[in-house]
Amino acid sequence: MESENLNVNPNGEKARNFLEEIIEEDIKNGKHGGRVLTRFPPEPNGYLHIGHAKSICLNFGLAQKYGGKTNLRFDDTNPTKEDVEYVDSIKEDIQWLGFQWANEFYASDYFEQLYQWAEKLIEMDLAYVDDQSQEDIRLNRGTVTQPGKNSPFRNRSAEENLDLFRRMRAGEFPDGSRVLRAKIDMAHPNMLMRDPILYRIIHAHHHRTGDSWCIYPMYDYAHGQSDSLEQITHSICTLEFDVHRPLYDWFIEKLEIFPSKQHEFARLNLTFTVMSKRKLLQLVQEGFVSGWDDPRMPTICGLRRRGYTPESIRAFADRVGIAKRDNVIDLSLLEFCIREDLNKSAQRRMAVLNPLKVVITNFPEGKQEEIQAINNPEDEAAGKRPIYFSRELYIERDDFMENPPKKFFRLAPGTEVRLRYAYLIKCEEVIKDAEGNITELRCTYDPQSANGGSSDGRKVKGVIHWLAASHAVKAEVRLFDRLFQNEDPDDVPEGTDWKTGLNPDSLRVVEGLVEPALQEVKPLDHFQFERLGYFSVDYDSKPGHLVFNRTATLKDSWAKIADK
RNA sequence: UGACCUAUGGUGUAAUGGCAGCACAGCAGAUUUUGGUUCUGUUAGUCUAGGUUCGAGUCCUGGUAGGUCAACCA
């Protein structure tokens with residue numbers, strides 16, 4: 001769990017982000033007795049994504065660092081959008097990431113208290129029932145440059161307001177007919193302070209409170225007070241809530257309740273990635289992906305299925321940093337984090353995605369040789385496993401070129417390469433079918449070249465992966481690429497649907513060959529298929545039908561050389 | 001045409017009035033039975049104009065640029 005912070009101050013201390021500075025200052029001043037309590041407050045209206053992961057790591061990480069705790073609170077104030085399906089997935093994802101909340105709360109737990117406070121505000125002449133239509137409320141709010149106009153219902157007596165508000169709760173009025181608003185200032189330069197709506201009438205079934213309510217509090221009226229009820233010390237949210245802060249403070253001040261403080265940080269943006277829940281939902285509903293956990297999705301469950309580890313996501317959250325300026329993180333940083341983790345932990349296996357048959361003409365027919373292959377060169381404790389060498393083999397089709405360019409140091413007619421952990425082989429003959437397609441290579445091997453040696457001390461630059469024909473089983477291999485082809489997926493030509501930016505090649509399924517022992521694996525086990533990248537076992541995989549997802553490619557320097 | 005937030009290499013993020021550093025990406029080299037890893041080196045930055053100060057990325061003022069706000073969403 002200990003995350004490395006790479007930024008170091010000149011005095012050698014770890015660099016702090018601005019939130020850590022605020023908290024340390026608060027602790028120093030004895031605020032709340034040095035207590036730190038944060039919260040992660042998702043609305044259960046969708047699955048969590050990598051942006052939420054940043055927020056989770058921040059909220060839980062801060063509490064851990066300063067000896068505090070973190071609550072999980074579902075912001076379930078809008079019954080028309082929310083569902084228990086999302087509640088369950090959110091809890092699962094947070095735990096998978098490696099965090100445990102101190103308490104599981106729901107904004108709906110506080111509906112009665114919130115209601116009582118609303119009556120109090122009415123009695124204080126700080127709230128009123130407005131009968132204006134939704135349209136009129138919008139019109140009379142003014143614009144960012146023009147002040148709004150007072151509602152004709154703004155000066156109702158407290159008695160009348162109380163009566164009306166109680167009847168709203170009792171269900172006497174239809175949806176949209178009336179709202180409860182705070183009485184602040186219709187000319188306030190901050191639009192949020194122009195008599196914000198506190199309650200609206202929604203005759204809908206709520207996933208937790210059922211049908212006991214037909215009026216529901218708005219976010220602004222629920223969030224700060226929920227923080228306050230839980231005695232949250234540091235309420236951390238994203239930048240767009242910045243303009244809500246005066247209102248957050250207004251309720252706490254007028255109600256004279258626990259003074260939670262809101263702090264804002266910049267949300268995560270990733271190149272080639274859409275992060276909006278609304279858009280991700282659209283991709284799912286319109287069938288562009290197989291579901292919220294499609295391995296191409298930036299959701300936590302999608303990344304998990306893709307083979308990302310919790311450690312890699314936490315490391316990523318740590319490296320992107322926390323600040324208040326808008327940012328777009330390069331996707332290559334996320335890829336770096338998963339490679340860094342998997343390089344250390346993933347066992348190596350042989351696999352061939354696009355097989356080309358090779359016959360070793362000077363190797364006896366029927367003979368089989370056992371070779372000990374290293375499981376993970378980065379981790380000696382991972383040990384070795386047997387693989388088998390025989391006369392008939394498969395190599396990767398891309399590892400042979402009939403007319404190789406300069407600097408291609410794999411197999412070509414007359415050249416020699418090493419088969420990883422096995423022998424040096426030399427290509428003697430290329431067999432083709434009637435159409436001229438290469439169907440087979442005839443090679444000879446150097447019997448003296450085991451264990452990295454050779455008969456005369458010669459070395460070769462190329463080392464390729466391979467599989468004995470007798471020791472290879474078929475597997476479905478899913479290769480993924482980014483879902484969107486533009487660096488900024490929202491940057492599409494005027495008037496075009498945002499989905500025009502989808503990458504048509506984001507999924508490729510191939511039938512490959514893998515080591516037979518791979519039949520024993522279970523979902524989410526991960527491996528590095530030598531030279532092909534990191535792969536993990538899909539949920540769909542079963543003994544008769546192996547399915548692997550490519551988590552990440554290896555860094556490919558050949559691609560750059562070939563480009564030049 | 002309002003209020004608020006923000007501005008440091010290509011991308012992020014430090015420097016809390018005192019040598020502009022780190023990571024990713026890029027480039028070059030060494031090692032390597034993975035064109036991987038590891039190691040070394042390297043390119044590249046304080047939006048702008050003033051002011052305060054012995055000294056400004058940092059403080060002040062103006063400008064410029066980007067973002068947020070006009071749901072009975074959160």
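Order of the sequence lines sets the chain letters (A, B, ...), proteins ahead of strands, with each chain counted from 1.
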Using a cut-off of strictly less than 4.0 Å, decide whether R325(A) has a side-chain nitrogen or oxygen near OP1 or OP2 of rG12(B).
-> no
For residues N45(A) and K277(A), is any side-chain donor paired with an opposing acceptor at under 3.5 Å?
-> yes
Would you mind telling me which residue lines up with the more 5' stretch of RNA chain B, A450(A) or I329(A), judged by nearest nucleotide?
-> I329(A)
Please give, in whole Å, the distance from rG9(B) C1' to D330(A) CG?
-> 14 Å
Pairing partner of rU33(B) (Watson-Crick or G-U wobble, both distances under 3.5 Å) | none
Rounding to a whole Å, what distance do you find between R420(A):CZ and rG35(B):C1'?
-> 12 Å
Separation of the P atoms in rC22(B) and rC60(B), to the nearest angstrom | 29 Å
On a plain distance test, is the side chain of E487(A) in donor-acceptor contact with the base of rG10(B) below 3.5 Å?
-> no
Counting any heavy atom closer than 4.0 Å, what does V328(A) reach on the DNA or RNA strands: base, sugar-phosphate only, or nothing?
-> sugar-phosphate
If the sugar-phosphate is the primed atoms plus P, OP1 and OP2 and the base is the rest, what is the B/S/- string for nucleotides 42-47 of chain B, using protein heavy atoms under 4.0 Å?
-> ------
Rounded distance in Å - CG (N343(A)) to C1' (rC39(B)) | 14 Å
May I ask you to decide if D318(A)'s main-chain N or O and R314(A)'s side chain share a donor-acceptor pair within less than 3.5 Å?
-> no
d(CD, E378(A); C1', rU37(B)) in whole Å | 5 Å
For the side chain of N451(A), starting at C-beta, report the closest nucleotide among rU33(B), rC24(B), rU1(B).
-> rU33(B)
P atom, rG50(B) versus rG17(B): distance in rounded Å?
-> 25 Å
Glycosidic conformation of rA71(B), syn or anti, with 90° from 0 as the boundary?
-> syn
Phosphate OP1/OP2 of rG26(B): any K555(A) side-chain N/O under 4.0 Å | yes
Can a donor-acceptor pair be found between the side chains of D446(A) and S454(A) at a distance below 3.5 Å?
-> no
What distance, rounded to whole Å, do you find between the two P atoms, one in rA71(B) and one in rC5(B)?
-> 22 Å
Closest listed nucleotide, where the reference is the side chain of V463(A) and the choices are rA14(B), rU6(B), rU33(B) | rU33(B)
Nucleotide paired to rG9(B) in any strand shown, Watson-Crick or G-U, under 3.5 Å | none
Evaluate salt bridge (Lys or Arg N to Asp or Glu O under 4.0 Å) for D130(A) paired with R156(A), printing each intermediate quantity in order.
-> CA-CA 9 Å; D130(A) 195 347; R156(A) 292 217 255 230; 5.9 Å; no
On a whole-Å scale, what distance lies between the P atoms belonging to rG18(B) and rA56(B)?
-> 11 Å
Send over the distance from F272(A) CZ to rA25(B) C1', rounded to a whole Å.
-> 12 Å
Base rU1(B) paired with Q146(A) side chain (donor-acceptor, <3.5 Å) = no
Does a side-chain N or O from R319(A) land closer than 4.0 Å to OP1 or OP2 of rC24(B), or not?
-> no
W466(A) six-ring centre to R418(A) NZ/CZ under 6.0 Å and within 45° of normal = no
With sugar-phosphate meaning primed atoms plus P, OP1 and OP2, does E264(A) contact a base, only sugar-phosphate, or nothing at under 4.0 Å between heavy atoms?
-> nothing
Classify the nucleic acid contact of F336(A) as base, sugar-phosphate or nothing, counting any heavy atom under 4.0 Å across all strands shown.
-> sugar-phosphate
Check step by step if ring-ring contact (aromatic ring centres under 6.0 Å, His included) holds for F535(A) and F527(A).
-> CA-CA 5 Å; F535(A) 292 76; F527(A) 297 96; 9.8 Å; no
Rounded to the nearest 0.5 Å, what separation is found between the OG1 atom of T299(A) and the NE2 atom of H49(A)?
-> 9.5 Å
Contact class for I561(A) (heavy atom, under 4.0 Å): base, sugar-phosphate, or nothing?
-> base
Span that lies between the P atom of rC19(B) and that of rU58(B), in whole angstrom = 14 Å
How far, in whole Å, is rC47(B) from rG10(B) if one measures between their P atoms?
-> 12 Å
If you look at every strand shown and take non-hydrogen atoms under 4.0 Å, does F408(A) touch a base, only sugar-phosphate, or nothing?
-> base
Closer than 4.0 Å, any side-chain N/O of K560(A) to the OP1 or OP2 of rG26(B)?
-> yes
Quick tally for nucleotides 60-74 of chain B: nucleotides whose base has a protein heavy atom under 4.0 Å get B, sugar-phosphate-only ones S, the rest -, giving -------SSBBSBSB
Whole-Å distance separating the CG atom of N375(A) from the P atom of rU33(B) | 19 Å
Side-chain H-bond candidate by donor/acceptor type, D83(A) with H207(A), under 3.5 Å | no
With a non-hydrogen cut-off below 4.0 angstrom, is P377(A) in contact with a base, only sugar-phosphate, or nothing?
-> base
Starting from the 5' end of RNA chain B, give me the residue, A323(A) or S332(A), whose nearest nucleotide shows up first.
-> A323(A)
Just how far, in rounded Å, is P of rU32(B) from CD1 of I374(A)?
-> 15 Å
Identified pairing partner of rA28(B), criterion: Watson-Crick or G-U wobble below 3.5 Å | rU40(B)
Evaluate side-chain contact (heavy atoms from CB on, under 4.5 Å) for I215(A) paired with F165(A), printing each intermediate quantity in order.
-> CA-CA 9 Å; I215(A) 56 171; F165(A) 186 49; 3.8 Å; yes
Consider only side-chain N and O atoms of S133(A) and E135(A), and report whether a donor and an acceptor are under 3.5 Å apart.
-> no
If pairing requires Watson-Crick or G-U wobble contacts with both distances under 3.5 Å, which nucleotide is the partner of rG17(B)?
-> none
Length of the line joining F316(A):CZ and rU13(B):P, which is rounded to integer Å = 11 Å
In whole Å, what separates the P atom of rA23(B) from that of rU37(B)?
-> 16 Å
Salt bridge (Lys or Arg N to Asp or Glu O under 4.0 Å) evaluation trace for R167(A) with E172(A) = CA-CA 6 Å; R167(A) 288 162 65 194; E172(A) 286 188 33; 2.8 Å; yes
If we call it a pair only when both distances are under 3.5 Å in a Watson-Crick or G-U wobble match, what pairs with rA49(B)?
-> rU61(B)
Check the side chains of E230(A) and Y110(A) for a donor-acceptor pair under 3.5 angstrom, ignoring hydrogens and angles.
-> yes
Among H263(A), E24(A), K324(A), whose side chain to side chain contact (heavy atoms under 4.5 Å, CB included) with L19(A) holds?
-> H263(A)
Any strand is fair game: report the nucleotide pairing with rC69(B) by Watson-Crick or G-U wobble, both distances under 3.5 Å, or none.
-> rG2(B)
Between rU32(B) and rC39(B), how far is it from one C1' atom to the other, in whole Å?
-> 11 Å
